[in-house]
Amino acid sequence: MKTTASEIDLARRWLLAAGTGSAAAGLAGWSPAGLAQPKTLPPVAAFKDAARMIVHSANGIETRRDAFGSSDITDIDALFMRNNANPPAASATADPDAWRVAIDGVVSPRTLTVRELKSLGLGNVAMVLQCSGNGRAFFDHRASGSQWSVGAAGNTLWSGVPVRDVVRLLGGVRGGMRYMTGTGGETIPAGIDRNQIVVERSVPWTELESAILAWELNGRPLPLAHGGPLRLIIPGYYGVNNIKYIERLAFTPEETQANIQRSGYRVREVGRKGDPSQPSMWQMNLKSFVTHPAGNGETLRAGPLQVHGVAFTGGSPVQSVEVSADGGRTWNRAQFFGPDMGQYAWRQFVWPVVLKPGSYRFTSRAIAADGSVQPELRIENERGYANNSWRDHAVDVTVA
Ligand SMILES: Nc1nc2c(c(=O)[nH]1)N[C@H]1C(S)=C(S)[C@@H](COP(=O)(O)O)O[C@H]1N2
Ligand SMILES: [Mo]
């Protein structure tokens, strides 16, 4: 995504806010090219562990490949963050139970507080939260947007109220509705066309069956950085559909007219503009990658090594994973380890190997229950979306 006016504004305010004490650090973060490449975390994500993250901009921070560990759930302190617009003020999470969400397109539309939602039902889901552009850095045409490598994804556990419970209480979805549309609670600056800024996304209305309105993430009250006080979670769908600080959830006959839906997040050939006739970034495709070794250029000692990584999909469930040590010429069956947290979570895999001195190229490919296999090559597209190429995600390692 191009750096928007709001991103520039946020980066500026953040620099100013750095004050005298940290001004040097803040300024050192600016690249001569003029693009924001700050190395320090923005205020909304200041609690995160910078050592485990790559800071692309004030609105785009990813997990380093070597920071995923092997604990299955991704630590919030190292979880990626992506904002398309300035988040609401920090005061939004001061009294989370007072946050309100309007439910529309149901028989009895109503505005409910988080406090009320908590009395209506409970559910949780483990799922991979992944930005549409994760893996964009591997495209050759310099697709615009954050140059995410593998880390604009994490395995997350969400707790809240199932949307279907809320809908049932309000009399069900009205006839003729085909989409479920969520609206983010960002403030739209006066004088700017709402459709240009609003983070509003529509998905097929039947997703209400698995969707959750969540107020907890990985056992913690949901922080503002990840959409607190209340976030819409649509398991199996790319990050953008999971609306943070949701202020309205509506069943609608048409998709929203917001730019982020009409022209944004549309898969098209390189050089083409986005439009509603092109596929929208909804369900995630089949993907896996090795997280250890991370291929940071370090030389490993000869001997035993546990090659491990993660596999996930928004489609037919992951059934098995293969690992290659020679860039995809030969493949070895990996074992799953850790809990199976359901079809929307990622599954960890490991392949134990004893390495002799030499050069290795490790990569993995996932195979789904329906027989589909993670592809060797990415599909070229203008914005660098949906990269699940096992070739692109390989890591080079020297063993001595
Ligand atoms: N309200 C709102 N929701 C949003 C966004 C946003 O800017 N505003 N960004 C979306 C995008 S593009 C992604 S990838 C995910 C990122 O979630 P995270 O910041 O919790 O990692 O949130 C999505 N939901
Ligand atoms: Mo995203």
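Just follow the structure's listing: the first ligand is 1, and inside any ligand the first atom is 1. Model, not experiment: these values are computed from the prediction. We use all heavy atoms of the structure for the numbers below, so side chains are in, but hydrogens, waters and symmetry mates are not.
- Across all non-hydrogen atoms, the minimal contact from N381 to V270 is C-CG2, 3.9 Å.
- Scanning all heavy atoms of the two residues, the minimum distance from S316 to D370 falls at OG-N, 3.0 Å.
- Using a 4.0 Å cut-off between heavy atoms, R231 contacts ligand 1 through its side chain alone, with no backbone atom that close.
- Remark: ligand 1 atoms within the under-4.0 Å shell around heavy atoms of C131 are 14 (S).
- Considering backbone and side-chain N/O atoms, Q130 never comes within less than 3.5 Å of an N/O atom of ligand 1.
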> Would E254 and R178 satisfy salt bridge (Lys or Arg N to Asp or Glu O under 4.0 Å), going step by step from the backbone distance to the final call?
Replying inline: CA-CA 7 Å; E254 304 295 340; R178 295 187 300 152; 3.2 Å; yes
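- Looking at H308 and Q348, their side chains never bring a donor and an acceptor atom within 3.5 Å of each other.
- Taking every heavy atom of both residues into account, E186 and Y245 meet most closely at OE2-CE1, 3.3 Å.
- Protein heavy atom nearest atom 23 (C) of ligand 1, with residue, atom name and distance: G239 O, 3.3 Å.
- Nearest protein heavy-atom contact of atom 24 (N) of ligand 1 is N242 O, 3.0 Å.
- Counting non-hydrogen atoms of neighbouring residues, nucleotides and ligands closer than 6.0 angstrom, the CD1 atom of I379 reaches no more than 12 such neighbours.
- Under 4.0 angstrom from ligand 1, there are no non-hydrogen atoms of L79.
- Atom 21 (O) of ligand 1 has its closest protein heavy atom at F80 O, 2.7 Å.
- By the criterion of a heavy-atom distance under 4.0 Å, the side chain of Y245, and not its backbone, is placed next to ligand 1.
- For the pair F80 and C131, the tightest heavy-atom approach, listed with the atom from each and the gap, is CZ-N, 3.8 Å.
- Checked by distance only, ligand 1 and K244 come closer than 3.5 Å through their nitrogen or oxygen atoms.
- Listed by number with element, the atoms of ligand 1 under 4.0 angstrom from any heavy atom of G184 are 1 (N).
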>> Show, in sequence, the C-alpha distance, side-chain angles and deciding distance for D97 and W215, and conclude whether the side-chain contact (heavy atoms from CB on, under 4.5 Å) test is met.
In response: CA-CA 9 Å; D97 282 354; W215 51 77; over 6 Å; no
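- Using a 30° and 60° split on the angle between ring planes, F289 and F68 fall in the tilted class, from 30° to 60°.
- Heavy-atom proximity to atom 7 (O) of ligand 1, evaluated over N84, T63, I260, is greatest for N84.
- A cation-pi arrangement is absent between R174 and F251, since the terminal nitrogen or guanidinium carbon is not both under 6.0 Å from the aromatic centre and inside a 45° cone about the axis.
- Ligand 1 has no N or O atom lying under 3.5 Å from any N or O atom of S132, backbone or side chain.
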>> Evaluate E382 against R268 for salt bridge (Lys or Arg N to Asp or Glu O under 4.0 Å), listing each step before the verdict.
In response: CA-CA 6 Å; E382 171 65 17; R268 69 273 189 179; 5.3 Å; no
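- By the criterion of a heavy-atom distance under 4.0 Å, neither the backbone nor the side chain of A152 is placed next to ligand 1.
- Residue L129 approaches ligand 1 through these ligand atoms, each under 4.0 Å from one of its heavy atoms: 17 (O), 18 (P), 20 (O), 21 (O).
- Only the side chain of Y265 comes within 4.0 Å of ligand 1, counting heavy atoms alone; its backbone N, CA, C and O stay farther away.
- Residue-ligand proximity, V240 to ligand 1, at heavy-atom distances under 4.0 Å covers atoms 10 (C), 11 (C), 12 (S), 13 (C), 23 (C).
- Taking a cut-off of under 4.0 Å to the non-hydrogen atoms of N83, the atoms of ligand 1 that pass are 7 (O).
- Taking only nitrogen or oxygen atoms, main chain and side chain alike, E186 reaches within less than 3.5 Å of ligand 1.
- Shown in contact with A225 at under 4.0 Å from a heavy atom are these atoms of ligand 1, numbered in order with element: 19 (O).
- Side chains of T256 and T181: a donor-acceptor N/O pair is absent below 3.5 angstrom, by distance only.
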